[in-house]
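Right, one structure below, let's go through it.
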Amino acid sequence: MLKRISMANDSNAEPPRSEVSKIHLKSFLSVRIFEIQWDVEDFSKISYAGVLLGPEIRTTNFTGCVKLRKDYDTYQLMILNKSSTEKDLECDVCVLNMEHKRLCYLASDKRNIIVNGFSQYFDIANGVLKNLPGNVLIIKCCLKIRDVQHESVYAPEMSKTPPIHYLEDISTDFKAMLVSSKLTDISLLVGSDVLHVHKFVLCARSPVFARMFESGMKETTENVIVIVDLDLPVLKSLIDFMYTGTIVDDFEAVFSLFYAADKYGVSSLQKLCREYLLSHLEISNACRLLILADRHSDPHFKDRVIGFIKFHYAELKNTIAWEDLK
């Protein structure tokens, strides 16, 4: 039997036994601000996918370095954290030519927590860096770095969220209503197959179905809707989620379900599918997931996959999937 995944946390978790909760806090300690300048000579000689190591950054609370990597149509500037602890980083970058004419200015859109081995990234458009006088690029970085301190405290329980086992009971009961077809009032047709469901569930879970019912379409007044854009297994998975809030633990099934979630506007399902697919992201499926994210205009999904592809480009570039993608 396939394992089912839900939006809830650990399904085996015990219900709360006291009115006291453990709260995890992050404290941001002293701020250090400093600037570095990197003069990149013979800039045009950087090869595709090549990486240049810039100056080391060493302060009393931070150790790191600057890297520059050439991509297809961008250069990627990276601030790498080599410290053993988490750091809170803000960074402003000014890119100039050797005549100190500013070519572009880049700034963190927010503060970023970076841990050991991870970076803050900035993309510089390739066209900005053409025809540099003297073939020299100057990169100036202004960094604000804070230490991050973790601590835990105990506080009175304030959450009104029902314990997980109550939500599981609701899911089980709704599933039983679906399986039994008890009091169903509308049918979904896929070819010669029929699913008997409840209007109020579809209306509550999908704004697309809700608009159908509210519009007075012939299909909804006759209580029969013909589904032409989904296969039966995908439609069953979609309906199952609407009733239970769970999906099957199967990559291919979730891959297909992502389309249905977007098509019928079930945002919570789309989020769950996205996180599931990203948790199974690997070299063999990275190109498929990039196409999926792009086709459904999901920028968060797409950015995560692109980041993975950039990191594993040396392994990906010789695969058939990558050749097909190009």
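Computation of the quantities below employed the complete heavy-atom set of this structure, encompassing side-chain atoms and omitting hydrogens, waters and symmetry-equivalent molecules. Computed from a predicted structure; not experimentally measured.
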Are the side chains of Phe241 and Leu272 in touch, meaning some heavy atoms are under 4.5 Å apart?
-> yes
Centroid separation Tyr276 to Phe258 less than 6.0 Å | no
Let me see the working for Leu96 and Lys101 under side chain to side chain contact (heavy atoms under 4.5 Å, CB included), right down to the final yes or no.
-> CA-CA 5 Å; Leu96 311 100; Lys101 177 182 177 182; over 6 Å; no
Answer yes or no: is there a side-chain heavy-atom contact under 4.5 Å between Val201 and Arg205?
-> yes
Residues Lys140 and Gln37: closest non-hydrogen pair is CE-OE1, 2.9 Å
Pairwise distance NZ(Lys199) to CG(Asp185) - rounded to 0.5 angstrom | 6.0 Å
Cluster question for you: counting only ILVMFWY and a side-chain heavy-atom cut-off of under 4.5 Å, with indirect links fine, are Val228 and Leu189 together?
-> yes
Tightest non-hydrogen contact, residues Ser284 and Glu282, listed as OG-OE2, 2.8 Å
So, Phe301 versus His296, ring centres under 6.0 angstrom or not?
-> no
Sub-4.5 Å side-chain heavy-atom contact between Leu77 and Val66 | yes
Please answer whether the main-chain N or O of Arg288 pairs with a side-chain N or O of Asn285 as donor and acceptor at a distance below 3.5 Å.
-> no
Are Leu53 and Met78 co-members of a hydrophobic cluster defined by side-chain heavy atoms under 4.5 Å apart?
-> no
Just say parallel, tilted or perpendicular for the rings of Phe251 and His280, cut-offs at 30° and 60°.
-> tilted
Start with the C-alpha gap between Leu195 and Leu235, add the side-chain angles, then the distance that decides, and say whether side chain to side chain contact (heavy atoms under 4.5 Å, CB included) holds.
-> CA-CA 9 Å; Leu195 295 181; Leu235 179 61; 3.7 Å; yes
Which value, rounded to the nearest 0.5 Å, describes the distance between Asp298 atom CG and Leu289 atom CG?
-> 11.0 Å
State, with a plain yes or no, whether a side-chain heavy atom of Asp240 is found less than 4.5 Å away from one of Thr246.
-> no
Any luck finding a side-chain donor-acceptor pair between His196 and Ser187 under 3.5 Å?
-> yes
Indicate, with yes or no, if the rings of Tyr75 and Phe43 have centres closer together than 6.0 Å.
-> yes
Any side-chain heavy-atom pair from Leu316 and Thr319 closer than 4.5 angstrom?
-> yes
Would you give the length of the straight line joining atom NE2 of His312 to atom NZ of Lys317, rounded to the nearest 0.5 angstrom?
-> 14.5 Å
Hphob cluster co-occupancy, Leu232 + Ile239, side-chain heavy atoms under 4.5 angstrom | yes
Out of curiosity, does Leu68 fall in the hydrophobic cluster containing Val136 (side-chain heavy atoms, cut-off under 4.5 Å, transitive links)?
-> no
Does the side chain of Arg102 come within less than 4.5 Å of Cys94's, by heavy atoms?
-> yes
Stepwise, does the side chain to side chain donor-acceptor pair (under 3.5 Å) test hold for Tyr264 with Asp229?
-> CA-CA 11 Å; Tyr264 287 90; Asp229 52 359; 3.0 Å; yes
Can you name the nearest heavy-atom pair linking Met98 to Pro133, along with the distance?
-> SD-O, 3.0 Å
Aromatic rings Phe213 and Phe209: how do their planes relate, parallel, tilted or perpendicular, breaks at 30° and 60°?
-> parallel
Quick one: are Leu202 and Leu188 in side-chain contact, heavy atoms under 4.5 Å?
-> yes
Are Leu257 and Leu238 close enough that some pair of their side-chain heavy atoms sits under 4.5 Å apart?
-> yes
List the atom of Leu281, the atom of Arg304, and the distance in Å for their closest heavy-atom pair.
-> CD2-O, 4.3 Å
Euclidean distance, Arg274 CZ relative to His300 NE2, rounded to 0.5 Å | 5.5 Å
Check the pair Leu230, Tyr259 against side chain to side chain contact (heavy atoms under 4.5 Å, CB included), reporting the backbone distance first and the verdict last.
-> CA-CA 9 Å; Leu230 298 179; Tyr259 165 81; 3.6 Å; yes
Given Val254 and Ile247, is the side chain to side chain contact (heavy atoms under 4.5 Å, CB included) satisfied, shown in steps?
-> CA-CA 8 Å; Val254 176; Ile247 60 175; 3.9 Å; yes
Is there a donor-acceptor pair under 3.5 Å between the side chain of Asn135 and the backbone N or O of Ser44?
-> yes
Quick one: SG on Cys142 to CG on Asp92, what's the gap to the nearest 0.5 Å?
-> 5.5 Å
When rounded to the nearest 0.5 angstrom, what is the spacing between CG in Asp231 and CG in Asp193?
-> 10.5 Å
